[in-house]
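Heads up: the structure comes next, in structure tokens.
Keep in mind that what you see is a predicted model, and the values were worked out from it rather than measured. The figures here come from the full heavy-atom set of this structure, side chains too, leaving out hydrogens, waters and symmetry mates.
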Amino acid sequence: MAKQELPKAYDFKSTEQRIYAMWETGGFFKPHNDPNKPGFDPNVKPFVLTIPPPNVTGELHIGHAMFVSVEDLMVRYHRMKGFSTLGVPGTDHAGIATQLMVERDLLKNDEVTREELGREKFVERTWEWKRKYGGMITNQIRRMGASCDWDRERFTLDEGLSRAVREAFVRLYEKGLIYRGPRLINWSPGLKTAVSDLEVEYNEEQATLYYFKYMIAGSDEFIPVATVRPETILGDTAVAVHPEDERFKKFIGMKAIVPILAARFQSSPMIMSAWNSVRVRLRSRRGTTRMTMPSRNAIIYRSSRFWIRRRK
């Protein structure tokens with residue numbers, strides 16, 4: 001009988017893909033108690049985990065590898081416990097991020113902008129990007145051994161999912177659980193759309209710190225407040241003070257006059273304790289800050305982003 005020697009090093013290329021293909025074709029990743037198939041038993045407990053879909057902006061990184069491993073651990077654990085287990089894979093279109101990647105690819109390889117290319121051809125190019133990197137991502141998830149049911153793979157722009165998202169938002173709006181209203185956004189002149197806080201690059205710059213006297217209504221005393229955004233004073237609705245600050249705690253509950261508006265009409269924000277105010281934090285135990293109302297909803301307060309320490 002011929003001897004068969006084990007390789008000195010583990011050859012994952014010839015082993016893992018072969019075993020995974022056997023698992024997938026054998027249906028080992030499908031739930032054994034499917035409500036859409038005959039013989040369904042409603043008494044069997046299900047366990048369904050939808051893997052948070054990675055963005056089709058490129059290849060997966062070490063963070064994806066960690067989370068896919070943890071998610072698959074939970075799926076395999078419940079499968080071994082006898083649950084009818086389903087891991088649902090998919091990818092996310094990540095609209096703005098993907099658009100930016102496609103635009104960079106156009107400039108690098110074709111030396112054209114999306115405006116020069118035109119909307120229809122740009123959309124077609126974006127779908128080509130999705131097919132390329134979406135397939136690469138799902139292959140990487142397979143290579144990590146994730147026990148997903150690939151017959152249920154979805155993409156966030158699939159027609160069924162898009163309808164479901166629209167329906168969910170309409171229902172939430174009709175129930176009054178979400179609303180539309182004017183608000184400050186991060187606008188990208190290049191992309192010509194709003195972007196999230198995570199996609200904003202911040203930089204520090206020199207600014208002028210303006211000091212204002214908020215006069216106490218009916219007296220000659222005042223509360224000093226400093227800001228680099230004097231234009232927002234027109235929307236001030238309150239002044240917050242630290243309750244342990246000996247200089248200002250006596251003013252809690254009184255009214256103050258907005259400096260810029262004092263000549264026209266007596267607009268009087270309330271002076272409140274910083275411990276009792278909404279979303280207000282004073283970095284030290286001494287100081288003041290003003291609060292601006294950016295929304296028509298009277299419940300939503302947002303304090304100024306610039307916090308004042310005690311002047312030395």
Side-chain angles (χ1 to χ4, degrees), residues 50-68 71 88-144 146 148 150-173 178-207 229 231-232 294-295 302 305:
T50 302
I51 294 180
N55 298 338
V56 290
T57 50
E59 301 178 68
L60 300 186
H61 51 68
I62 190 65
H64 291 107
M66 180 184 71
F67 281 106
V68 169
E71 291 150 7
V88 182
T91 49
D92 191 344
H93 65 281
I96 301 303
T98 302
Q99 175 182 320
L100 184 59
M101 299 299 292
V102 175
E103 285 192 56
R104 289 177 179 174
D105 184 68
L106 280 172
L107 288 173
K108 179 180 179 181
N109 297 315
D110 300 343
E111 297 183 350
V112 294
T113 64
R114 62 184 171 92
E115 290 83 5
E116 295 171 341
L117 188 64
R119 178 182 176 84
E120 292 184 3
K121 290 186 177 180
F122 182 77
V123 171
E124 182 180 338
R125 188 67 172 263
T126 304
W127 277 107
E128 290 179 4
W129 179 279
K130 183 268 174 185
R131 285 188 286 271
K132 175 182 178 182
Y133 287 98
M136 186 181 299
I137 287 171
T138 55
N139 182 59
Q140 286 179 302
I141 295 176
R142 282 183 166 96
R143 292 298 303 274
M144 284 187 281
C148 305
W150 291 102
D151 291 337
R152 288 179 164 89
E153 180 186 354
R154 301 304 298 268
F155 178 53
T156 49
L157 284 185
D158 286 346
E159 185 57 31
L161 293 181
S162 297
R163 288 200 307 271
V165 170
R166 288 196 298 271
E167 178 67 22
F169 272 90
V170 169
R171 290 188 184 185
L172 290 172
Y173 180 79
I178 59 176
Y179 66 94
R180 297 179 63 183
R183 57 173 296 177
L184 295 175
I185 61 172
N186 303 310
W187 180 259
S188 170
L191 298 173
K192 295 181 175 60
T193 186
V195 296
S196 72
D197 291 342
L198 297 176
E199 296 171 303
V200 175
E201 294 182 359
Y202 295 91
N203 64 288
E204 295 184 1
E205 60 181 28
Q206 292 290 347
R229 296 285 302 280
E231 67 274 13
T232 62
S295 172
R302 186 173 182 178
R305 293 190 180 188

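Every residue two or more places apart in sequence or in another chain was checked for a ring pair (Phe, Tyr, Trp, His ring centres under 6.0 Å) with H93, and none qualifies. Among residues two or more places apart in sequence or in another chain, the side-chain hydrogen bond (donor to acceptor under 3.5 Å, both in side chains) test is passed with R152 by D34, D149. Looking at residues two or more places apart in sequence or on another chain, you find a salt bridge (Lys or Arg N to Asp or Glu O under 4.0 Å) between R163 and E159. Applying the side-chain hydrogen bond (donor to acceptor under 3.5 Å, both in side chains) criterion to D92, with sequence neighbours excluded, gives T156. Residues satisfying the side chain to side chain contact (heavy atoms under 4.5 Å, CB included) test with N186, not counting sequence neighbours, are V195, D197, V200. For Y133, the ring pair (Phe, Tyr, Trp, His ring centres under 6.0 Å) partners are W129, not counting sequence neighbours. Residues passing the side-chain hydrogen bond (donor to acceptor under 3.5 Å, both in side chains) test with E167, sequence neighbours excluded: R171. Legend: residues meeting side chain to side chain contact (heavy atoms under 4.5 Å, CB included) with V170, ordered by chain and number and at least two apart, are E174. Under the rule for a side-chain hydrogen bond (donor to acceptor under 3.5 Å, both in side chains), the partners of W150 that lie at least two apart in sequence or sit in another chain are Y20. Residues satisfying the ring pair (Phe, Tyr, Trp, His ring centres under 6.0 Å) test with F169, not counting sequence neighbours, are none. Listed by chain and number, the residues in a side chain to side chain contact (heavy atoms under 4.5 Å, CB included) with T50 are V88 (sequence neighbours excluded).
For the atom pair CZ (R142) and OG1 (T138), the distance works out to 5.5 Å, reported to the nearest 0.5 Å. Atom CG of D151 is separated from atom CD of E153 by 10.0 Å, given to the nearest 0.5 angstrom.
By the 4.5 Å heavy-atom criterion applied to side chains, C148 and I51 are counted as neighbours. Using a 4.5 Å cut-off on side-chain heavy atoms (C-beta onward), E71 and P52 make contact.
Atom CD of E111 has 12 or fewer neighbouring heavy atoms from other residues, nucleotides or ligands inside a 6.0 Å radius.
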Start with the C-alpha gap between T113 and L107, add the side-chain angles, then the distance that decides, and say whether side-chain contact (heavy atoms from CB on, under 4.5 Å) holds. CA-CA 6 Å; T113 64; L107 288 173; 3.9 Å; yes
Show your reasoning for whether side-chain contact (heavy atoms from CB on, under 4.5 Å) applies to M144 and L60. CA-CA 11 Å; M144 284 187 281; L60 300 186; 3.8 Å; yes
Before giving the answer on side-chain contact (heavy atoms from CB on, under 4.5 Å), spell out for E116 and L106 the whole-Å C-alpha distance, their side-chain angles and the decisive distance to 0.1 Å. CA-CA 10 Å; E116 295 171 341; L106 280 172; over 6 Å; no
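Summarising the geometry of V56 relative to I137, their closest heavy-atom pair is CA-CD1, 3.9 Å, with the distance given to 0.1 Å. Taking both residues in full, the closest heavy atoms of L157 and W127 are given as CB-CH2, 4.3 Å, listed atom of the first, atom of the second, then distance.
Each side chain to side chain donor-acceptor pair (under 3.5 Å) pair with one or both residues in residues 94-110, not counting sequence neighbours, appears once here: Q99-E103, E103-R114, D105-N109, D105-R125, D110-R125.
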